[in-house]
Protein chains: 2
Amino acid sequence: MHRPLLDYICQYSKSFLTIEEEEMITKAFRPKKMRKRQYLLQEGNVSKYTGFIIKGAMRQYYIDEKGLEHVVYLFIENYWATDRESFYNLTPSIYNIEASENTELLIITRAELVELMKKIPALVEMIRVMDDRNAIAMQKRISANISNTAEERYEEFIKNYPHFAQRFPQHQIASFLGIAKETLSRIKRKPSR
Amino acid sequence: MHRPLLDYICQYSKSFLTIEEEEMITKAFRPKKMRKRQYLLQEGNVSKYTGFIIKGAMRQYYIDEKGLEHVVYLFIENYWATDRESFYNLTPSIYNIEASENTELLIITRAELVELMKKIPALVEMIRVMDDRNAIAMQKRISANISNTAEERYEEFIKNYPHFAQRFPQHQIASFLGIAKETLSRIKRKPSR
DNA sequence: GTCGACCGTTGATTTTTGTCGACGGTTTTT
DNA sequence: AAAAACCGTCGACAAAAATCAACGGTCGAC
């Protein structure tokens, strides 16, 4: 079941892994099965693991002072789920990461990951490339948030992430886009052009 | 004039630089002086350089289809100015990076940076740490954008970046926060608590 | 099979924010 | 020194989106 992860590393590092490296990775990333509604991370805890999603879907959200949920990330296969700040600093997180479907993950702790990075250059390179792509994606999301209307943001979301709309309930997508669920419902109803 | 950069690398990589490393860095990062209103990057061009700001201030923005300017980043001393996507992929950028004051930079090309990273581990480590901090900062900005009102976003901005309010005109800060300049003017007028 | 959560939808209304036009005070340019 | 550009502010109004309340459908738990 580690194949998707190994492929992923090769793809993004643009290099090959030796058999020994593959074995080290397979040993370090432990499989974890989660049922729908289980938490990979709960508010107040340290984000102990980074999880690579093999099969399933998750969402990351926080609860504000008024008790309202705000979705900050949606994850499906081949995404990395963790609260980066908490995972790196080992500080308590304000976020929850919850399985939206029954989900299979490969998980690793910070200490294990640091060790593995010392031994496997391709992993370091993969992480660097992911950081870059992630920074670019976040920049685009910020651009959309500061300059587009709710409708434009939704259309862009559907265009860029067509699979997500089928996997997550509509009110969570609305939250992810920063709009009320009723507003999203009305946007979808009205004939776009 | 390279001292701030060398200090910066030591600080974030948590390691020391040898004399030889310092010399390599000093040779690779070239000083560039820019007058207010000059461009480090213009829309349509490749973001050829990454610039480390020694003295001064810059802003990164783009012009939308309606001809309106949207500020996506504000930079002051000890910030890195570049369009990451364009710099990394060598593709044309949609952004402009303009000096808001007379500014002194240290600039480096992608090819030079790649070479330098092969020779200086502390530089690689510094970039990794910066990527982390940057990802965390962007995540917070996204959280604020999807869940806070204009007034809350402004207060958070003032709290987290107190120096910026003095360095940039108010309408640029409004744009950065994703609100109309008139709205920001009204927020400031009204007695906050 | 029934009950209760969850989910999406709709209408009515309120709140927030944007747009437009105008004005006076600076600063910059010529 | 005059002209032009820039900047923040304000009022009136329009548009966008949030909020509140209610309803019917689906699905899972018991």
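Values below: all heavy atoms of this structure, side chains included; hydrogens, waters and symmetry mates excluded. So that the names make sense, note that chain A is the first sequence line, chain B the second, and so on, each numbered from 1.
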Exercise. With respect to the phosphate group of C/dG8, does any side-chain polar atom (N or O) of A/His171 fall under 4.0 Å of OP1 or OP2?
Worked result: yes
Exercise. Using a cut-off of less than 4.0 Å, is there contact between a side-chain N or O of A/Arg189 and OP1 or OP2 of C/dT10?
Worked result: yes
How many whole angstroms separate atom [atom1] of [X] from atom [atom2] of [N]?
X: B/Asn148; N: D/dA17; atom1: CG; atom2: C1'; result: 16 Å
X: B/Gln166; N: D/dC7; atom1: CD; atom2: P; result: 16 Å
X: A/Lys66; N: D/dA18; atom1: NZ; atom2: P; result: 12 Å
X: A/Tyr154; N: D/dA16; atom1: OH; atom2: P; result: 19 Å
X: B/Leu184; N: D/dG8; atom1: CG; atom2: P; result: 9 Å
X: B/Glu182; N: C/dC20; atom1: CD; atom2: P; result: 10 Å

For this session: Answer yes or no: are there more than 12 heavy-atom neighbours, outside A/Arg3 itself, under 6.0 Å from its atom CZ?
Result: yes
Exercise. Does a donor on one side chain and an acceptor on the other come within less than 3.5 Å for A/Glu182 and A/Ser185?
Worked result: no
Exercise. Between B/Arg37 and B/Gln170, which is nearer to the 5' end of DNA chain D once each is assigned its nearest nucleotide?
Worked result: B/Arg37
Exercise. What nucleic acid atoms does A/Ile179 come within less than 4.0 Å of, heavy atoms only: base, sugar-phosphate, or nothing?
Worked result: sugar-phosphate
